[in-house]
Amino acid sequence: MKDSQAKATLLSNYKIPDFLINETLLKFELFETHAIVDSSLQFFRNVEGADELVLDGQDLELISLEIEGQPIPAGSYEVTESSLTILNLAKILNKDPDKFTLKCVTRIEPQNNTALECLYKSKRMFCTQCEAEGFRRITYYLDRPDVMSKFTTTIIADKASYPTLLSNGNLVASKDLDVDGQDSVRHLATWEDPFKKPSYLFALVAGNLSCKEDVFSTASEREVALKIFVEDKDVNKIDHAMDSLKRAMKWDEEVYGREYDLDTFMIVAVDDFNMGAMENKGLNIFNTSCVLANPLTTTDAAFQRVEAVVAHEYFHNWSGNRVTCRDWFQLSLKEGFTVYRDAEFSARMGSPVVKRIEDVSFLQTVQFAEDSGPMSHPVRPDSYIEISNFYTVTIYEKGAEVVRMINLLLGDAQFRKGSDLYFERHDGQAVTTEDFVCAMEDSSGEDLSLFRRWYSQAGTPRLEINGHYDESEKTYTLDVSQSCLPTPGQDKKLTFHIPLKIGLLDKLGNDMPLLQRENEELLEIDCVLNVTNENQRFVFVNVEESPIPSLLRGFSAPVTLGFQYTREELSFLAAHDNDGFNKWNAGQLLFLDVIDELLKMNSNNENLFIPSCLYTTFNCVLESALTNQECDKALLAYLLTVPSIPFLIERSDVANVSALYKVREFILESLAFRFKIELERIYFDTAESLINPLSVSGDDIGRRMLKNLCLSYLAYTDKGLSLCESQLRSSRNMTDQTAALRGILNSGDENAEVLRESVVLEFYERWKDEPLVIDNWFSLQATSSLPGGLGRVETLLSHEAFTLKNPNKVRALIGAFCGQNANNFHLPGGEGYKFLADQVLKLDAINPQIAARLLVPLTRFKKFEPSARALMLNQINRIKATNSLSKDVFEIVEKCTI
Ligand code: PHE
Ligand code: ZN
């Protein structure tokens, strides 16, 4: 790590650019050993008196540099590791530098680029990834999002190897360039993007790709050509993405009034990609894992992810591209808003309650953990060393929660008005989260001044609530207090504006009217309470009986909640709450309460036993599954799911992983034995109702979820192994095969060992030509909780299908092991931590972004017992002491050790 690189960038240092770029003309000549990039940039001055042009550029070989058609004399410009500065423009130009053209030729080596940013090769295809700061590795440029320019791009490459040449916008020219006496013919394509955009949205693809086409007619009756490009072998896996895209386009017209603006919308699938996908204008580039889907090879969860990511990237066309970010501190402006948009879209396409449960579980497990650790940062951070490290669950998921709260506070109609105003006011501009909030305020008249703190303060607020019923007065009082622990750099927190959505249930489970007395008048109030002070009291009148409160309905704010429910109350809410999310949450709270009790028994060396209320509540859900054919099967599956180990770790002050694991296994096993008959019946009934094994309708996905949840319990019983084996062998559906394989790989049954080995081999032989299925196969093995996990994963590192160069493989094996296999990762001797550190160091030389992401499980050290914590910190310090770390990894180990 060079010191010059470790400098933090600060929001408070933001300055508008001295120069802007009107037009960007690019020409790429692609060869097998290198690429030549020829750029012609039309600058104009943005700040009076500016006379020095500082361009960003990294790892570039500068071949030539001209201004207004004249070479720039050496000495009139300076090149450093990260910039090119042209000094005294007025002197060179012999006039005021109000307007001038700069031409620059650079040479780069995409073939040797393993970091998978800027221009690189994925298999035989050239592709780009420029967000956030990759463009500066292509050519010298003002590589910042508030510089928006019109791009015209010419690509020249060998025609036989790269018949498909793509860039943003519309194709305006294409021709063969025959050169006499040469057998290989090169060809050219020129693309023009009429919309101004920042460099991070630039994209280029050159490869040999098959394309599937479709058309979408917009609300204003324009025809848009939709094209998805994939490798020839994958053309049978793009229908789902295409359908999802059309649904997303329609939804954005209906719900946000947003139409697509170009004549073509293209998606390209690539194997090697650091993230899920990228919203480049008119030319989205996708990780194959987020676009390819076919029920023979793809799980239901992956189907849903494809739909969500296709929609997400499409929605960016407005929330991100037409209106973009002023600087990278505003990243959540586009990501938080777009995640909120895609979540609402997915909710509408499937079951809203289930979608909410999934999103909240993820937030509570992963984002809450980030927010209580050394990398905690606000939704709008105010400093970073490496921006790539800030593509976080806080920016994305908490950012989406913040937008969701604005929608809740304003109501749907006002929120829509606000978003209309935002898009209208800022179309074609690079703006801030503050501009977003202002548009919401201006259009609705709501005061969001306190609410803004959600953007600037990090940390998860906590609400402590007490309820009191006064029999004689017929009043119910809620005393609410809020607090938030310090986070790095923010010792004292100001109060948040927390929308607390509630209901009061009577004995029959009905919602009572919420009445408050104000100046002698009786007011029926909205169910969203505005919590804005440290301590606040809400008194409800005319409450005819002692109610059971349902608090934070729909998870109306990203906070933790303390309320002393009795187990009876939780069982009651789990059975009767009219808010589907809270119904699920009550069941989870009951599980947590029981888990806490079992942890105490365990630490006192007492025999573990399950309190009867848990059986009763669980039984209740099973009954409704057995008797009511109408109910949402996926919801039932979630109601029957015990909180995960990562979630249990996150909510502990100090987690003892082996105790958590033991207690959780005890609960699963006890429930499995107690309800074996019911679980089997649901399993077989649901299996029978699944008529078409390859259907991925919402209902069938729900059925499979419930069926496989039952299977996971039955795996603890004597019949488990044979059920798993027969499902694995008989099913053609990938979700079913995955569930069965998972059952076998986690089965403690003594007969399982031989079976395990043979099914693992068979599965590999059957699917080895499908990389995404093999990713799944790596993950299943990496997350097996049976002892010896580290050894198994170490062996798999040298498997022929594994490579550190492909991020999906790294995530599937190393990421899954360290992030989702707690009892194998947290070995008492620290071997798991050393393993992770070793992999991070190896990867850092290949792909710093992925190395930094992989490191996350070690950054959770605070959550563990002192001995484990010390071992984790040892590894962090070992990494820190290594020479030539990337900025990415450096920033994280640095923040862990402050
Ligand atoms: N902007 C992408 C998204 O839609 C994510 C991404 C960031 C992809 C950086 C690649 C690099 O969320
Ligand atoms: Zn995004």
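Every heavy atom of this structure was used, including side-chain atoms; hydrogens, water molecules and symmetry mates were not.
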Next on the checklist: Does atom CZ (Arg860) have a neighbourhood of more than 12 heavy atoms from anything else shown, all under 6.0 Å?
Outcome noted: yes
Item to check | Distance (rounded to the nearest 0.5 Å) between Leu660 CG and Ile649 CD1 | outcome: 6.5 Å
Checklist entry - Taking atom types as modelled, is there a side-chain donor on Gln588 or Tyr638 under 3.5 Å from an acceptor on the other? => result no
Checklist entry - Can you find a side-chain donor-acceptor pair between Arg462 and Thr560 that sits under 3.5 Å? => result yes
Checklist entry - Are the side chain of Arg664 and the backbone N or O of Pro643 linked by a donor-acceptor pair below 3.5 Å? => result yes
Checklist entry - Which distance, rounded to the nearest 0.5 Å, do you find between the CD of Gln516 and the CZ of Phe540? => result 5.0 Å
Item to check | Aromatic plane relationship, Trp454 with Phe451 - under 30° parallel, 30 to 60° tilted, over 60° perpendicular | outcome: tilted
Next on the checklist: Looking at Glu397 and Gln367, would you say the former's side chain and the latter's main chain have a donor-acceptor pair under 3.5 Å?
Outcome noted: no
Checklist entry - Do Arg356 and Asp359 sit within salt-bridge range, that is, some charged N less than 4.0 Å from a carboxylate O? => result no
Checklist entry - Can you tell me if Lys493 uses its side chain to pair, donor with acceptor, with the backbone of Ala458 under 3.5 Å? => result yes
Item to check | Separation of Ser603 OG from Asn656 CG (nearest 0.5 Å) | outcome: 9.0 Å
Item to check | Interatomic distance, Met349 atom CE to Glu344 atom CD [nearest 0.5 angstrom] | outcome: 11.0 Å
Checklist outcome for this item: Leu508 and Phe572 have their tightest heavy-atom pair at C-CZ, 4.2 Å
Next on the checklist: Pair Phe618, Phe675 - check ring pair (Phe, Tyr, Trp, His ring centres under 6.0 Å), show working.
Outcome noted: CA-CA 9 Å; Phe618 198 82; Phe675 297 110; 5.4 Å; yes
Checklist entry - Taking only residues two or more places apart in sequence, or in another chain, which ones meet Tyr661 in a ring pair (Phe, Tyr, Trp, His ring centres under 6.0 Å)? => result none
Checklist entry - Are side-chain N/O atoms of Asn821 and Thr783 paired as donor and acceptor at under 3.5 Å? => result no
Next on the checklist: If you count every heavy atom of other residues, nucleotides or ligands that lies below 6.0 Å from Gln564 atom CD, does the total exceed 12?
Outcome noted: no
Checklist entry - Which residue, Thr735, Asp685, Asp736, forms the side chain to side chain donor-acceptor pair (under 3.5 Å) with Lys707? => result Asp736
Next on the checklist: Is it true that Lys863 and Ser372 share a donor-acceptor pair across their side chains at a distance under 3.5 Å?
Outcome noted: no
Next on the checklist: Given 3.5 Å as the limit, does a donor-acceptor pair link the side chain of Asn602 with the main chain of Leu608, or not?
Outcome noted: no
Next on the checklist: Test your reading of the model: is there a side-chain donor-acceptor pair from Glu569 to the backbone of Thr566, 3.5 Å cut-off?
Outcome noted: yes
Next on the checklist: Check whether Ser332 reaches the backbone of Ile395 with its side chain - one donor and one acceptor, N or O, closer than 3.5 Å.
Outcome noted: yes
Checklist entry - Side-chain donor-acceptor pair under 3.5 Å between Tyr565 and Asp593, yes or no? => result no
Next on the checklist: Apply side chain to side chain contact (heavy atoms under 4.5 Å, CB included) to residues Val366 and Glu370 and explain how you reach the verdict.
Outcome noted: CA-CA 6 Å; Val366 185; Glu370 178 168 276; 5.9 Å; no
Next on the checklist: Looking at Ser784, is its backbone amide N or carbonyl O close enough to the side chain of Asn824 to form a donor-acceptor pair, meaning the two atoms are under 3.5 Å apart?
Outcome noted: yes
Checklist entry - So, Asp479 and Ser481: side-chain donor and acceptor under 3.5 Å apart, yes or no? => result no
Item to check | Where Tyr716 and Ala672 come nearest, the two heavy atoms and their spacing | outcome: CB-CB, 3.8 Å
Checklist entry - More than 12 heavy atoms of other residues, nucleotides or ligands under 6.0 Å from NZ of Lys474: is that the case? => result yes
Item to check | Plane angle bin for His826 and Tyr833 - parallel if under 30°, tilted between 30 and 60°, otherwise perpendicular | outcome: perpendicular
Item to check | Side chain Ser571, main chain Arg567, donor-acceptor under 3.5 Å | outcome: yes
Checklist entry - Rounded to the nearest 0.5 Å, how far does CG of Asn746 lie from CG of Leu786? => result 5.5 Å
Next on the checklist: Check this for me, if you would: do Asp596 and Arg651 make a salt bridge, where the nitrogen-to-carboxylate-oxygen distance has to be below 4.0 angstrom?
Outcome noted: yes
Checklist entry - Among Asn533, Asn530, Thr532, whose side chain to side chain donor-acceptor pair (under 3.5 Å) with His497 holds? => result Asn530
Item to check | Side-chain donor/acceptor of Glu606 to backbone N/O of Lys600, under 3.5 Å | outcome: no
Next on the checklist: Looking at Lys507, I want to see if its NZ is surrounded by more than 12 non-hydrogen atoms of other residues, nucleotides or ligands under 6.0 Å.
Outcome noted: yes
Checklist entry - For Cys631 and Ser624, which heavy atoms make the closest approach, and how far apart are they? => result SG-O, 3.8 Å
Next on the checklist: I'd like to know if the side chain of Gln457 and the backbone of Leu494 have a donor-acceptor N/O pair within less than 3.5 Å.
Outcome noted: yes
Checklist entry - What closest approach, in Å, do Glu307 and Phe345 show between heavy atoms, and which atom pair accounts for it? => result CG-CE2, 3.7 Å
Checklist entry - Does a donor on one side chain and an acceptor on the other come within less than 3.5 Å for Asp577 and Ser550? => result yes
Next on the checklist: Could you tell me if the side chain of Val528 sits less than 4.5 Å from the side chain of Arg553, heavy atoms only?
Outcome noted: no
Checklist entry - Distance from Cys896 atom SG to Leu858 atom CG, nearest 0.5 Å? => result 8.0 Å
Item to check | Minimum heavy-atom distance Lys501-Ser556, with the two atoms named | outcome: N-OG, 3.0 Å
